[in-house]
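Notes for the one structure printed next.
A, B, ... follow the sequence lines: proteins, then strands. Residue 1 opens every chain.
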Amino acid sequence: MAVDRPVAKPKESEQISQFQEALRRLNRNRMALVGLGIISLFVLCAALAPWIAPHDPTTTSLRHTLEGPSLQNPLGRDELGRDNLSRILYGARISLSIGLISVAIGTLVGIPIGAISGYYGGKTDLLVQRLIDIMLAFPGILLAIVIVSTLGVGLPNVMIAVGIVSIPIYVRLVRGSVLSIKEQEYVSAARALGSSDRRIIFRHILPNCLGPIIVQSTLQIATAILWAAGLGFLGLGAQPPTPEWGTMLSRGRVYLRVAPHVTTFPGLAIVLSVLGFNLLGDGLRDALDPRLKR
Amino acid sequence: MWQYIVRRLLLTIPVLIGVSLLVFSMVRLIPGDPATAIAGVHATPEFIEQIREEYGLDKPLHIQYSIFMGNLLRGDLGVSARTGRPVTTEIWDTFPNTVELTVASMVIASLIGIGAGVISATKRNSIFDNSSMLVALFGVSIPVFWLGLMLMLLFAVILGWFPATGRGTISHLILPAITLGTASAAIIARMTRSSMLEVLHRDFIITARAKGLREQIVVYKHALKNALIPVVTIIGLQLGTLLGGAVLTETVFAWPGVGRLMVDSIMARDYPVVQGAVLLLALTFVFVNLFVDILYSFLDPRIRYE
């Protein structure tokens with residue numbers, strides 16, 4: 001008779017203490033907290049943009065084009081006289097969405113494929129690994145460029161492209177974790193008790209791969225923001241007048257000599273947000289797997 | 001070891017077929033008529049028909065693929081819709097410039113990355129260590145195109161030390177190479193530091209110190225030699241970052257390379273050139289990775305294919 005219930009489950013108090021231990025380590029990591037602070041700031045900017053932005057991000061003013069920073073426009077105006085600060089605040093919404101949606105695509109597709117590939121092995125694994133090899137034969141941003149130029153330019157396609165490019169990263173990561181976890185005793189015990197493969201994968205194996213997945217996803221959001229900004233810079237991403245940071249930079253670079261503020265500030269926004277996710281990702285890695293810390 | 005190399009070579013074959021399939025599919029997945037996509041939006045109806053026949057675009061996909069592969073193996077990638085010149089000519093004219101930029105960036109990234117990594121590891125927790133790791137963290141967080149623009153603003157526009165765009169002299173190369181190499185230098189520095197820290201705690205280092213060897217010999221001859229093995233792999237893998245980043249760097253500095261050619265061709269919907277450029281960049285990446293893997297098996301004979 002198949003007994004379909006979790007086995008060798010640690011006591012609840014142990015689970016909590018493990019989680020608390022990781023939180024405590026994260027809390028002691030100053031750089032990670034700085035990262036978390038930066039991310040919180042950008043999340044707040046994105047959420048409150050309509051209320052805190054001093055001007056409408058798309059309203060042009062041709063009499064005030066390329067004006068430098070002033071009290072009224074703390075970060076100056078762009079080539080069409082739009083307020084830079086307002087556009088950067090609204091841009092946070094776009095960049096964070098790109099990061100989150102593309103990571104969602106990568107995890108939703110990559111994790112199950114990696115788990116199945118690692119768990120079943122054999123021909124399935126061989127086929128999946130060769131497909132992943134092919135995707136990894138392209139430098140990441142190049143593959144994203146290929147996908148966007150095939151699907152057509154625009155923000156939704158950028159999210160899809162960046163998401164697709166991150167799939168192999170998750171497949172490799174989860175496959176590797178599954179390969180080591182599936183040999184553990186508690187998995188054999190679950191199998192001996194008659195748990196279905198699906199239950200073993202989703203209840204026993206995947207929860208134990210969560211640490212590396214969380215770390216990778218945090219770092220992947222940073223990469224996604226960078227790639228999406230790159231695509232925007234090349235003219236393949238969000239189209240004007242959408243206030244996307246990469247697109248803003250691309251339009252502003254023509255005026256680098258006369259109005260460097262148009263390129264400087266959106267770039268700083270990209271650097272800060274990416275830095276925030278990188279700091280937090282590094283901190284999470286140290287907190288979730290202290291053996292890796294050097 | 002030879003068994004490993006043969007297996008590694010055999011594994012490259014499906015990858016090459018996959019790359020060719022992906023590049024082949026590109027034009028066919030673009031919404032609209034593939035013949036028009038290949039011939040260009042401004043082509044005459046007669047020329048579009050000629051392309052349709054030449055590429056077998058009215059035939060089943062497997063026949064189209066065999067025509068594509070036949071042409072590819074003969075080095076025929078079609079004709080640019082913009083210039084009318086063969087795609088191979090367009091690409092071969094620009095490829096050496098991309099190689100020049102990529103190699104220069106890789107040299108800069110390796111020198112700075114390994115140097116900073118070694119000093120950081122030997123002076124752990126010092127001001128140099130902390131500040132260089134902070135700079136490295138910024139290095140991987142800066143978008144390559146923005147860094148390029150900022151360097152251009154400072155060193156070309158304000159200080160006038162280097163030309164802002166173009167190619168020709170060594171001074172044209174410096175800003176684009178630093179721009180492209182920065183992120184890789186940061187990654188190499190972090191890898192070198194962590195690899196050195198691991199090696200510096202091994203028994204043979206303690207033995208070397210116990211023998212009374214000078215610290216410089218211990219660090220550079222004993223430790224660095226062993227710590228470099230994983231660093232070599234990272235440097236090889238960085239080529240992907242560099243080739244991808246080259247597309248953006250070339251666009252910023254108007255560097256006449258394959259990346260810029262590809263971006264210009266995407267904008268002009270010149271798909272034969274886009275296909276050719278993508279194919280060349282991917283093949284370069286595949287073969288460099290192959291080379292790095294084989295080199296790695298020589299550097300560390302313990303490595304075997306799983």
Quiz item: Of the backbone (N, CA, C, O) and the side chain (C-beta and beyond), which part of V27(B) lies under 4.5 Å from a heavy atom of chain A, both, or neither?
Solution: neither
Quiz item: With V273(B), which of V258(B), D264(B), L77(B), L261(B) fulfils side chain to side chain contact (heavy atoms under 4.5 Å, CB included)?
Solution: L261(B)
Self-check item: Contact leader toward chain A among V157(B), T241(B), L16(B), where contacts are heavy-atom pairs under 4.5 Å
Solution: V157(B)
Quiz item: Checking A277(B) against chain A: side chain, backbone, both or neither under 4.5 Å from a heavy atom?
Solution: neither
Quiz prompt | Top of L153(B), L21(B), I142(B) for chain A proximity - count of heavy-atom pairs under 4.5 angstrom | solution = L153(B)
Quiz item: In terms of heavy-atom pairs under 4.5 Å, which option from L136(A), L268(A), L279(A) contacts chain B the most?
Solution: L268(A)
Self-check item: chain A contact via V15(B) - which portion, at a heavy-atom distance below 4.5 Å
Solution: both
Quiz item: Quick one: what part of R190(B) sits under 4.5 Å from any heavy atom of chain A, side chain, backbone, both or neither?
Solution: side chain
Quiz prompt | Among the listed options D282(A), T223(A), L151(A), the residue most often paired with chain B at heavy-atom distances under 4.5 Å | solution = D282(A)
Quiz item: Quick one: what part of L22(B) sits under 4.5 Å from any heavy atom of chain A, side chain, backbone, both or neither?
Solution: side chain
Quiz item: Does any N or O in the side chain of S149(A) come within less than 3.5 Å of the main-chain N or O of V146(A), such that one atom is a donor and the other an acceptor?
Solution: yes
Quiz item: Considering residues, nucleotides and ligands other than I127(B), do more than 12 of their heavy atoms fall under 6.0 Å from its CD1?
Solution: no
Quiz item: Any chance the side chains of T179(B) and T249(B) put a donor and an acceptor closer than 3.5 Å?
Solution: no
Quiz item: Of the backbone (N, CA, C, O) and the side chain (C-beta and beyond), which part of M26(B) lies under 4.5 Å from a heavy atom of chain A, both, or neither?
Solution: both
Quiz item: Which atom names give the shortest non-hydrogen contact between R82(B) and A268(B), and what distance separates them?
Solution: CD-CB, 3.4 Å
Quiz item: With the threshold set at 4.0 Å, does a side-chain nitrogen-carboxylate oxygen contact exist between R260(B) and E250(B)?
Solution: no
Self-check item: Among W146(B), Y271(B), F138(B), residue most engaged with chain A (heavy-atom pairs, under 4.5 Å)
Solution: W146(B)
Quiz item: I158(B), L147(B), I266(B), L242(B): which one forms the most heavy-atom pairs within less than 4.5 Å of chain A?
Solution: I266(B)
Quiz item: Any side-chain heavy-atom pair from R269(B) and I30(B) closer than 4.5 angstrom?
Solution: no
Quiz item: Hey, do the aromatic rings of F42(A) and W245(A) have their centres closer than 6.0 Å?
Solution: yes
Practice problem: Would you check if there is a donor-acceptor pair between the side chains of S20(B) and Y65(B) at a distance under 3.5 Å? | Solution: yes
Practice problem: Please determine, among L142(A), I270(A), L234(A), L143(A), the option with the most heavy-atom pairs under 4.5 Å with chain B. | Solution: L234(A)
Quiz item: If you measure from the Lys or Arg side-chain nitrogens to the Asp or Glu carboxylate oxygens, is any gap between R172(A) and D133(A) under 4.0 Å?
Solution: yes
Quiz item: Is chain B contacted by the side chain of M135(A), its backbone, both, or neither, given a heavy-atom distance below 4.5 Å?
Solution: neither
Quiz item: In terms of ring plane angle, is the pair W161(B) and F155(B) parallel, tilted or perpendicular, where the classes change at 30° and 60°?
Solution: tilted
Quiz item: Is it the side chain or the backbone of A222(A) that comes within 4.5 Å of chain B heavy atoms, both, or neither?
Solution: neither
Self-check item: Residue pair R87(A), D78(A): steps toward the salt bridge (Lys or Arg N to Asp or Glu O under 4.0 Å) verdict
Solution: CA-CA 9 Å; R87(A) 290 180 67 72; D78(A) 72 359; 3.6 Å; yes
Quiz item: Between T12(B), V247(B), V286(B), V19(B), which residue shows the highest count of heavy-atom pairs closer than 4.5 Å to chain A?
Solution: V19(B)
Quiz item: Side chain, backbone, both or neither: which part of T264(A) has a non-hydrogen atom closer than 4.5 Å to chain B?
Solution: both
Quiz item: Given that the side chain runs from C-beta out, which part of F233(A) has a heavy atom under 4.5 Å from chain B: side chain, backbone, both or neither?
Solution: side chain
Quiz prompt | Between V153(A), I147(A), L226(A), L272(A), the one whose heavy-atom pairs under 4.5 Å with chain B are most numerous | solution = L226(A)
Self-check item: Portion of L134(B) that has a non-hydrogen atom of chain A nearer than 4.5 angstrom
Solution: side chain
Self-check item: T247(A) versus Q239(A), side-chain donor and acceptor atoms under 3.5 Å
Solution: no
Exercise. Below 4.5 Å from any heavy atom of chain A, which atoms of V144(B) appear? Answer side chain, backbone, both or neither.
Key: neither
